[in-house]
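Excluded from the calculations below are hydrogen atoms, water molecules and symmetry mates; all remaining heavy atoms, backbone and side chain alike, are included.
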Amino acid sequence: MLSLARTAAVRSFGRTLKLHAASGTASLHTLPELPYSYDALEPHISKEIMTLHHQKHHQAYVNGLNDAEKKYAETTSVAEQITLQTALKFNGGGHINHSLFWSNLAPSSAGGGALKEGNLKDAIVRDFGSVEKFKESMNAKTAAIQGSGWGWLGFNKTTRKLEIVTTPNQDPLLSHVPIIGIDIWEHAFYLQYKNVKADYLKAIWNVINFEEAESRFAQALKD
């Protein structure tokens with residue numbers, strides 16, 4: 001998975017729409033492979049959840065995005081193009097968010113959950129007081145999302161600080177550079193944690209890929 005998955009996905013998404021409008025042809029989005037096995041995140045995230053989440057839910061967003069782009073390319077009706085924006089946003093956001101999410105995770109045996117000394121840790125301590133305070137705040141704000149959505153640690157390019165942001169449904173994070181994202185849709189945790197979001201949010205820190213987060217943060221500082 002690429003460290004710049006969000007940027008690449010957004011740029012690719014924009015280019016695809018332009019190509020469709022110009023040529024009427026479709027360039028299909030595909031489901032990215034996971035960089036680990038479906039059972040690699042156990043016991044924190046079960047094999048069953050990972051399999052369904054990746055093969056069924058993410059695949060559905062990919063299919064929906066391809067379908068919406070195809071219809072967008074084939075129509076010359078402005079009204080229909082406007083109508084399709086909802087499907088493009090929902091499925092396109094779902095594809096971007098999940099592509100980021102998979103690389104946002106890593107097995108504990110491969111360093112998942114370990115935040116090493118470095119620029120990211122220093123920034124977290126600077127902006128939140130401590131790593132534990134950051135996790136507590138991130139969990140609280142993510143758990144407070146009504147319905148479905150995402151909790152993000154994002155880099156504000158204006159203030160040059162890390163901030164916790166939430167987005168509803170499958171809206172991608174566009175106001176900040178995403179450093180860490182947590183899926184709080186029920187399909188991400190319900191089979192294992194039922195309705196206890198707090199347990200899921202506590203467990204996921206054991207498999208957060210802080211190395212990937214460090215890479216995203218380093219790139220954000222350069223841009």
- Message: Measuring centre to centre across the rings, with the benzene-like ring taken for any Trp, is F90 within less than 6.0 Å of Y61?
- Response: yes
- Message: Is there a side-chain contact (heavy atoms from CB on, under 4.5 Å) between K135 and E132? Walk through the geometry before answering.
- Response: CA-CA 5 Å; K135 291 180 180 179; E132 287 309 310; 4.1 Å; yes
- Message: Testing the basics here: between K89 and D171, what is the closest heavy-atom pair and its distance to 0.1 Å?
- Response: CE-OD1, 3.3 Å
- Message: With ring-ring contact (aromatic ring centres under 6.0 Å, His included) as the criterion, how do W205 and Y200 come out once you've worked through the C-alpha distance, each side chain's angles and the decisive distance to 0.1 Å?
- Response: CA-CA 9 Å; W205 291 107; Y200 162 67; over 10 Å; no
- Message: Strictly distance-based, threshold 3.5 Å: is any side-chain N or O of R160 a donor or acceptor partner for the main-chain N or O of L221?
- Response: yes
- Task: Walk me through it: do I49 and S46 pass the test side-chain contact (heavy atoms from CB on, under 4.5 Å)?
- Result: CA-CA 5 Å; I49 286 177; S46 71; 3.3 Å; yes
- Message: To the nearest 0.5 Å, what is the distance between CE on M50 and CG on L34?
- Response: 5.0 Å
- Item | Closest contact, heavy atoms only, P178 versus L100 | CG-CD1, 4.0 Å
- Message: Any non-hydrogen side-chain atom of W152 less than 4.5 Å from a side-chain atom of I164?
- Response: no
- Can you find a heavy atom in the side chain of S148 that is under 4.5 Å from one in the side chain of E186? no
- Message: Set out, in order, the CA-CA distance, both residues' side-chain angles and the distance that settles side-chain contact (heavy atoms from CB on, under 4.5 Å) for Q81 and T75, then state yes or no.
- Response: CA-CA 7 Å; Q81 289 175 342; T75 185; 3.7 Å; yes
- Is there a salt bridge (Lys or Arg N to Asp or Glu O under 4.0 Å) between D122 and R126 once you walk through the steps? CA-CA 6 Å; D122 290 345; R126 178 197 68 200; over 6 Å; no
- Would you call the rings of W150 and F101 parallel, tilted or perpendicular, where under 30° means parallel and over 60° means perpendicular? perpendicular
- Query: Hey, is the main chain of A203 close enough, under 3.5 Å, to the side chain of N206 for a donor-acceptor pair?
  - Reply: yes
- Please examine the side chains of L162 and L120, heavy atoms only from C-beta on, and report whether any two atoms are closer than 4.5 Å. yes
- Message: Donor-acceptor check, side chain of Y36 to backbone of W102, threshold 3.5 angstrom: yes or no?
- Response: yes
- Any idea which heavy atoms bring I208 and L105 closest together, and the distance? CD1-CD2, 4.2 Å
- Item | Side-chain donor or acceptor of D199 paired with backbone N/O of Y193 under 3.5 Å | no
- Message: Using only atom types and a distance under 3.5 Å, with no angle test, would you say the side chain of N97 pairs donor to acceptor with the backbone of G93?
- Response: yes
- Query: If only atom types and distance count, is the side chain of E163 paired as donor or acceptor with the main-chain N or O of G154 below 3.5 Å?
  - Reply: no
- Message: Determine whether a donor-acceptor pair (N or O, by modelled atom type, separation under 3.5 Å) exists between the side chain of N209 and the backbone of G112.
- Response: no
- Say whether, by atom type as modelled, one donor and one acceptor occur between the side chain of Q192 and the main chain of P43 under 3.5 angstrom. yes
- Query: Nearest heavy-atom pair of V177 and A220: which atoms, and what distance?
  - Reply: CG1-CB, 3.9 Å
- Query: Are D223 and K157 close enough, and set up right, to give a salt bridge (Lys or Arg N to Asp or Glu O under 4.0 Å), and what steps lead you there?
  - Reply: CA-CA 9 Å; D223 292 343; K157 297 177 75 172; 5.0 Å; no
- How close do N91 and L65 get, heavy atom to heavy atom, and via which atoms? CB-N, 3.4 Å
- Out of curiosity, I124 CD1 to I180 CD1, how far, rounded to the nearest 0.5 Å? 5.5 Å
- Could you state the interatomic distance from CZ (F155) to OG (S175), rounded to the nearest 0.5 Å? 12.5 Å
- Query: Taking it one step at a time, do H53 and D183 satisfy side-chain hydrogen bond (donor to acceptor under 3.5 Å, both in side chains)?
  - Reply: CA-CA 11 Å; H53 198 172; D183 188 348; 2.9 Å; yes
- Message: Take a 6.0 Å sphere around CD of E211 and say whether it holds more than 12 heavy atoms from other residues, nucleotides or ligands.
- Response: no
- Message: Once you measure the plane-to-plane angle for Y38 and H54, does it fall in the parallel (<30°), tilted (30-60°) or perpendicular (>60°) bin?
- Response: tilted
- For the atom pair NZ (K197) and CD1 (I145), what is the distance rounded to the nearest 0.5 Å? 7.0 Å
- Main-chain N/O of N169 paired with W185 side-chain donor or acceptor, under 3.5 Å: yes
- Message: How close do L88 and A68 get, counting heavy atoms only, and between which atoms?
- Response: CD2-CB, 3.7 Å
- Item | Interatomic distance, M138 atom CE to T166 atom OG1 [nearest 0.5 angstrom] | 10.0 Å
- Going by the angle between their ring planes, with limits at 30° and 60°, are H58 and H98 parallel, tilted or perpendicular? tilted
- Task: Ignoring hydrogens and angles, tell me if any N or O in the side chain of S99 forms a donor-acceptor pair with the backbone of H95 under 3.5 Å.
- Result: yes
- Mind checking the NE2-NE2 spacing from H187 to H57? Nearest 0.5 Å is all I need. 5.5 Å
- Task: Any chance you could lay out the side-chain contact (heavy atoms from CB on, under 4.5 Å) test for E80 and Y72, step after step, and finish with the verdict?
- Result: CA-CA 8 Å; E80 188 171 351; Y72 191 97; over 6 Å; no
